[in-house]
Visitor: 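This is the structure I have questions about; it appears just below.
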Amino acid sequence: MTLVAGVDSSTQSCKVVVRDLETGAVVRTGRASHPDGTSVDPQAWWDALVTAIADAGGLADVAAVSIGGQQHGMVALDAEGYVVRDALLWNDTRSSGAAADLISEFGADALAARTGLVPVASFTSTKLRWLRDAEPENAASVAAVALPHDWLTWRLRGFGPEDQSPLGPVLEELTTDRSDVSGTGYWNPATGEYDRDLLIAALGHDAVVPRVLGAGERAGTGIVDTAAADGSLLADVVVGPGAGDNAAAGLGLGAVSGDVVVSLGTSGTVFAVTERTSEDPSGIVAGFASASGEYLPLVCTLNAARVLDAFARVLGVDHDELGRLALEAQPGAGGAVLVPYFEGERTPNLPDATATLFGLTLLSTTRENLARAAVEGMLCALADGVEAILAQGVEARRLLLVGGAAQNPAVQAIAAQVFGVPVEIPTPGEYVAAGAAVQAAWALTGARPEWPIEVVAAPPVDHRPLILERYRVAAGTYSA
Ligand SMILES: Nc1ncnc2c1ncn2[C@@H]1O[C@H](COP(=O)(O)OP(=O)(O)O)[C@@H](O)[C@H]1O
Ligand SMILES: O=C(CO)[C@@H](O)[C@H](O)COP(=O)(O)O
């Protein structure tokens, strides 16, 4: 049996899935946690990757591997290959002022046309501008800029600082892919080229940026044997291009025209695979590229699964019980409305906002209504995203619900009430890692594998417009 491996280095954890090349069947899995926080030493991701690989039984018998990862994080390297400072993650909002500065210097319309994006704090270019202004000494020492999956791929291939890697700090060996580079703010999805002027405007000087690989292209051959202490290499393992996690999930799901994916992980995202680039000067829809050669218009919120984590904690229950409580309440949660901007928010662009519970009365303040308000608030925050994606001309025959929180039956049922589109739940699984495994197989054989995806639930459409109407009134008070 030929085996391939896919990795999802996401915000909260690292997951490794080993699959049978022929059938796509999952053979082994491994997992390790990432530290909390929005500013993280990338070494923690490497340590988690090593642990997750060991947990998955190692990669010694695997023919190919590819790494999907959280998007946008700024991994700044000096000329010796050391990280200059902790990486600022996609959900770190300190660069919101830098985003506003870039917009006022270049204009939202021009930036949307040049990069597919209007800057918000999530995007890498704003983090570089923040570094230039807040930490000029660190900025001056930056020799290369990479994304989380680029850096992990480079390290796994054996590159890195002299004292930490067998092959040393060869910055020119950094690679990325179309999907992840499209979230930097200095790459043009229409031309497929870096926009060097924007990179220089952000960082203050030029730097090495990773070579951009196409779908199915190899980053190289040979990986570090993470089970060996001496840095020896597994010389024959093919390394795929890797991807941003959302694009990898799209690939893992085999998303095609008519599919809109809603992912409920740390972030909430809504996206579709399209033939054409998208340009949204309002900045709501990011015009990313897909991991399979097309495009990936995407809307992202900062507050998704962890909204439910917080309410489960406060109510002293686990996720299953939170779901049971939520389903015992009526749609609309007795008037309780949660606007869940716990981490600030990106869509709408309110980086300093906090969450608010509206509409509480003595009668409505029950555990059931609070649980339901949490689920409704998390989903309603994404409803505008679904509308914005459809406004880009995307057709939605069904919404595919994935990510940690999508496993919750209450989330599935309430999604069918909030979104006006049929909802389907694919077999529970790690779809980012699945997409990365697809890339590994593609890079190994030269052909995209066709592994089956099954839908295990399709809650009947039960549209309750009242839920979203009330939410919009409450959320509207933020921008008033
Ligand atoms: N049954 C469940 N109900 C609600 N939330 C869940 C459930 N299972 C996992 N989660 C939450 O999903 C999140 C992890 O999802 P995941 O898609 O792996 O996130 P990420 O990719 O951002 O790390 C965690 O916040 C976890 O608590
Ligand atoms: O910033 C975005 C998309 O633009 C996020 O979707 C990140 O890519 C993090 O993903 P998760 O860890 O939530 O899967």
Side-chain angles (χ1 to χ4, degrees), residues 7-15 17 31-36 38 40 45 48 52 68-74 88-93 116-117 120-124 126-127 147-149 179-180 182-185 243-250 252 261-271 283-289 296-313 317-326 342-343 346-347 371 374-375 378-379 382 385 401-412 414 425 428-435:
V7 177
D8 174 12
S9 176
S10 69
T11 313
Q12 296 192 56
S13 63
C14 182
K15 304 143 208 174
V17 176
R31 187 189 172 285
S33 291
H34 284 162
D36 281 339
T38 61
V40 171
W45 304 330
Q70 55 174 313
Q71 295 187 247
H72 316 305
M74 176 190 73
L88 299 183
L89 306 196
W90 62 278
N91 53 356
D92 188 288
T93 54
L117 312 177
V120 287
S122 291
F123 300 140
T124 325
T126 72
K127 298 175 191 304
L147 297 167
H149 109 252
S179 71
D180 224 4
S182 67
T184 57
D245 54 3
N246 293 291
V261 182
V262 175
S263 170
L264 301 166
T266 313
S267 63
T269 60
V270 183
F271 60 90
I284 294 174
V285 178
F288 296 155
L296 197 88
L298 180 145
V299 177
C300 178
T301 65
L302 298 188
N303 299 283
R306 287 200 289 207
V307 174
L308 306 193
D309 296 351
F311 272 70
R313 204 165 50 240
V317 295
D318 62 12
H319 286 127
D320 290 347
E321 182 59 14
L322 185 81
R324 270 194 293 277
L325 286 170
F342 289 91
E343 299 266 89
R346 160 169 162 186
T347 315
V375 178
M378 174 187 74
L379 292 170
L382 283 165
L401 223 54
V402 295
Q407 306 313 324
N408 195 299
V411 172
Q412 300 172 5
I414 295 172
I425 319 297
E430 296 295 346
Y431 284 99
V432 177

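Quick note: residue numbers are just sequence positions, from 1. Everything numeric here is computed off the predicted structure, so don't read it as measured data. Atoms within a ligand are numbered from 1 in the order they appear, just like the ligands themselves.
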Visitor: Please say which of Leu379, Asn408, Thr269 ends up in a side chain to side chain contact (heavy atoms under 4.5 Å, CB included) with Leu264.
Guide: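 By the side chain to side chain contact (heavy atoms under 4.5 Å, CB included) criterion, Leu264 pairs with just one of Leu379, Asn408, Thr269: Leu379.
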Visitor: Can you list everything that forms a side chain to side chain donor-acceptor pair (under 3.5 Å) with His319? Sequence neighbours excluded, please.
Guide: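 Counting only residues at least two positions away or on another chain, His319 forms a side chain to side chain donor-acceptor pair (under 3.5 Å) with Asp309.
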Visitor: Under a 4.0 Å heavy-atom cut-off, which residues neighbour ligand 2?
Guide: Ser10, Thr11, Gln70, Gln71, His72, Trp90, Asp245, Asn246, Thr266, Ser267, Thr269, Phe288, Leu298, Cys300, Arg346
Visitor: For residues Ser267 and Cys300, report the shortest heavy-atom separation together with the two atoms involved.
Guide: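 Scanning both residues, the minimum pair turns out to be CB-SG, 3.8 Å.
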Visitor: Between His72 and Phe288, what is the ring plane arrangement, given parallel below 30°, perpendicular above 60°, and tilted in between?
Guide: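 Judged by the thresholds at 30° and 60°, the geometry between His72 and Phe288 is tilted.
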Visitor: Which residue, Asp8, Asp245, Asp180, forms the side chain to side chain donor-acceptor pair (under 3.5 Å) with His149?
Guide: Asp180
Visitor: What does the contact table look like for ligand 1 (nitrogen or oxygen on each side, cut-off under 3.5 Å)?
Guide:
{"from": "ligand 1", "atom 1": "3 (N)", "to": "Asn408", "atom 2": "ND2", "distance (Å)": "3.1"}
{"from": "ligand 1", "atom 1": "5 (N)", "to": "His319", "atom 2": "NE2", "distance (Å)": "3.4"}
{"from": "ligand 1", "atom 1": "8 (N)", "to": "Gly404", "atom 2": "O", "distance (Å)": "3.4"}
{"from": "ligand 1", "atom 1": "15 (O)", "to": "Gly404", "atom 2": "N", "distance (Å)": "3.3"}
{"from": "ligand 1", "atom 1": "17 (O)", "to": "Gly404", "atom 2": "N", "distance (Å)": "3.0"}
{"from": "ligand 1", "atom 1": "18 (O)", "to": "Lys15", "atom 2": "NZ", "distance (Å)": "2.6"}
{"from": "ligand 1", "atom 1": "21 (O)", "to": "Ser10", "atom 2": "OG", "distance (Å)": "3.1"}
{"from": "ligand 1", "atom 1": "22 (O)", "to": "Thr266", "atom 2": "N", "distance (Å)": "2.8"}
{"from": "ligand 1", "atom 1": "22 (O)", "to": "Thr266", "atom 2": "OG1", "distance (Å)": "2.5"}
{"from": "ligand 1", "atom 1": "23 (O)", "to": "Ser10", "atom 2": "OG", "distance (Å)": "2.6"}
{"from": "ligand 1", "atom 1": "23 (O)", "to": "Gln12", "atom 2": "N", "distance (Å)": "3.2"}
{"from": "ligand 1", "atom 1": "25 (O)", "to": "Gln12", "atom 2": "NE2", "distance (Å)": "3.0"}
{"from": "ligand 1", "atom 1": "25 (O)", "to": "Asp309", "atom 2": "OD2", "distance (Å)": "2.6"}
{"from": "ligand 1", "atom 1": "27 (O)", "to": "Asp309", "atom 2": "OD1", "distance (Å)": "2.7"}
{"from": "ligand 1", "atom 1": "27 (O)", "to": "Asp309", "atom 2": "OD2", "distance (Å)": "3.1"}

Visitor: Less than 4.0 Å between a side-chain N and a carboxylate O, is that true for Glu430 and Arg31?
Guide: no
Visitor: Please find the pair of heavy atoms, one from Ala52 and one from Cys14, that lie closest to each other, and give the distance.
Guide: CB-O, 3.7 Å
Visitor: Which value, rounded to the nearest 0.5 Å, describes the distance between Arg306 atom CZ and Thr266 atom OG1?
Guide: 5.0 Å
Visitor: Could I get the full list of side chain to side chain donor-acceptor pair (under 3.5 Å) partners for Thr126, not counting sequence neighbours?
Guide: Ser95
